[in-house]
2 protein chains.
Amino acid sequence: MELAEARLKFIETWGKLGSEWGINRTMAQVHALLLISPEALTTEDVMGTLSISRGNANMTLRDLINWGLVEKQHKAGERKEYFFADKDAWNIARQVARERKKRELDPMMKVLSELSQVRGDDKDANYKTFKTSVTDISKLAANVNKTLDTMIKAEENWFWGSIFKLFK
Amino acid sequence: MELAEARLKFIETWGKLGSEWGINRTMAQVHALLLISPEALTTEDVMGTLSISRGNANMTLRDLINWGLVEKQHKAGERKEYFFADKDAWNIARQVARERKKRELDPMMKVLSELSQVRGDDKDANYKTFKTSVTDISKLAANVNKTLDTMIKAEENWFWGSIFKLFK
DNA sequence: TTAAACTTTCAAAAATAAATGAAAGTATTT
DNA sequence: AAATACTTTCATTTATTTTTGAAAGTTTAA
């Protein structure tokens, strides 16, 4: 397979994965493009390579910056903005974990803990099942939360090291 | 908060979480309803409680069965089919992990390993960056894969036990 | 066999999410 | 201060996903 073809396939695959996990496909594709670009790219580069509009490119790049996956760069003597992605897979994984925890897990745990406060009659099967399911899921969420916190704080060698050994 | 209100909120929250993670919101809501229902429900129960059409209820329940989260039940002397969800949070987590691994991670790893075969000129920055990014992500994916395999095989006390201790 | 009870299908409609692109905004240079 | 170079916004359009519901299919019972 030629490099050019492989690059397109990588962009397509990363985009598909993103869309399966609730991330805008174009955003994942722009990220993929930046991941395989040795130099920072301009908005026009992104527009051209992926055939997307200026507005879309602009908003997508901003989202990627908000996700902490991409940063703006300025080149001396130039007015144009350049965009560059962190290429470190472990950093990317941690950053995605951090954002999704903040955006989704934390709010959900808040709701679950409210819901687990609900009072009722222990002889009511509906109440008992509700209570048990919510409490159980709460506990699981708390464990996931703790694991993510550890992952987020961890050094690069944590994943490649201790977990790897634990599960070999 | 009243139980009735709490049940609705749980269904809504579970549905929202699902849609954020690329799972049809209605499917997550039906799952939520079954999770807090002590008895198995009929298609009509689901249609009525969630105000969805017969076709939607039927397809969604089938999907949940295909995900291994719900099973059909038959009551003696009745022709109607009943649906019942496994309520164990750890089983649910493992089952979701198993399915998403099969549906998404495994195919992606296959593509990544093809892509990491691509040959090129080591002096070409595009080639070098591509190779490094793809190889790195491949390795991360392989680790995630291994971790999921362990999780899928693990007993209930694995999560509540060793991981919990490791990260306390 | 045929009617009744129930389930499944799928083309069309509705709802939702994403993309466009021209206009407005901002900063820099002449 | 006006032209230039570039970025951002957002109402509208387009694409994608989800839902509907009537018709077809299936199973059981009379």
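Because the structure is a prediction, the values reported are computed rather than measured. The chains referred to below are lettered A, B, ... by the order of the sequence lines, with proteins before strands, and numbering in each begins at 1.
If you check C:dT20, D:dT18, D:dT8 against the side chain of A:Glu81, the one that comes closest is D:dT8. Candidate nucleotides D:dC6, C:dA18, D:dT9 were compared by shortest atom distance to the side chain of A:Lys80, and D:dC6 ranks first. Here the side chain of A:Arg79 is nearest to one of C:dT9, C:dA19, C:dA27, namely C:dA27. Of the candidates D:dT19, C:dT20, D:dT7, the closest approach to any side-chain atom of B:Thr26 belongs to D:dT19.
With rounding to whole Å, A:Gln73 atom CD is found 14 Å from D:dT7 atom P. One interatomic measurement links the two molecules: CG of A:Asn58 to C1' of D:dC10, which rounds to 12 Å at whole-angstrom precision. One atom, NE2 of B:His74, and another, P of D:dT26, lie 17 Å apart when rounded to the nearest Å. To the nearest angstrom, P of D:dT18 lies 16 Å from CG of B:Leu61. Taking atom CZ of residue B:Arg54 and atom C1' of nucleotide C:dT7, one finds them 8 Å apart after rounding to whole Å. Between the CD1 atom of A:Ile23 and the P atom of C:dA17 there is a distance of 15 Å, given to the nearest Å. Rounded to whole angstrom, the span from the CG atom of B:Asp63 across to the P atom of D:dT19 amounts to 11 Å. Between the P atom of D:dT28 and the NZ atom of B:Lys75 lies a distance of 19 Å, rounded to the nearest Å.
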Audit row: B:Glu2, B:Arg7, salt bridge (Lys or Arg N to Asp or Glu O under 4.0 Å) steps and yes/no = CA-CA 9 Å; B:Glu2 291 299 316; B:Arg7 283 167 56 99; over 6 Å; no
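Checked for salt-bridge contact, B:Asp122 and B:Lys131 miss the test: no charged N lies under 4.0 Å from a carboxylate O. Salt bridge absent: A:Lys16 and A:Glu12 never bring a charged side-chain N and a carboxylate O closer than 4.0 Å.
Judged purely by atom type and a 3.5 angstrom limit, B:Glu104 has no side-chain atom pairing as donor or acceptor with the backbone of A:Leu17.
Along DNA chain C, the nucleotide nearest to B:Thr43 and the one nearest to B:Asn56 differ in position, and the one closer to the 5' end is contacted by B:Thr43. Summary of the strand contacts: A:Ser19 and B:Gly55 both lie near DNA chain D, and taking for each the nucleotide with the nearest heavy atom, the more 5' one is attributed to A:Ser19.
Note: the hydrophobic cluster containing A:Met109 also contains A:Val111 (ILVMFWY, side chain heavy atoms under 4.5 Å, direct or indirect links).
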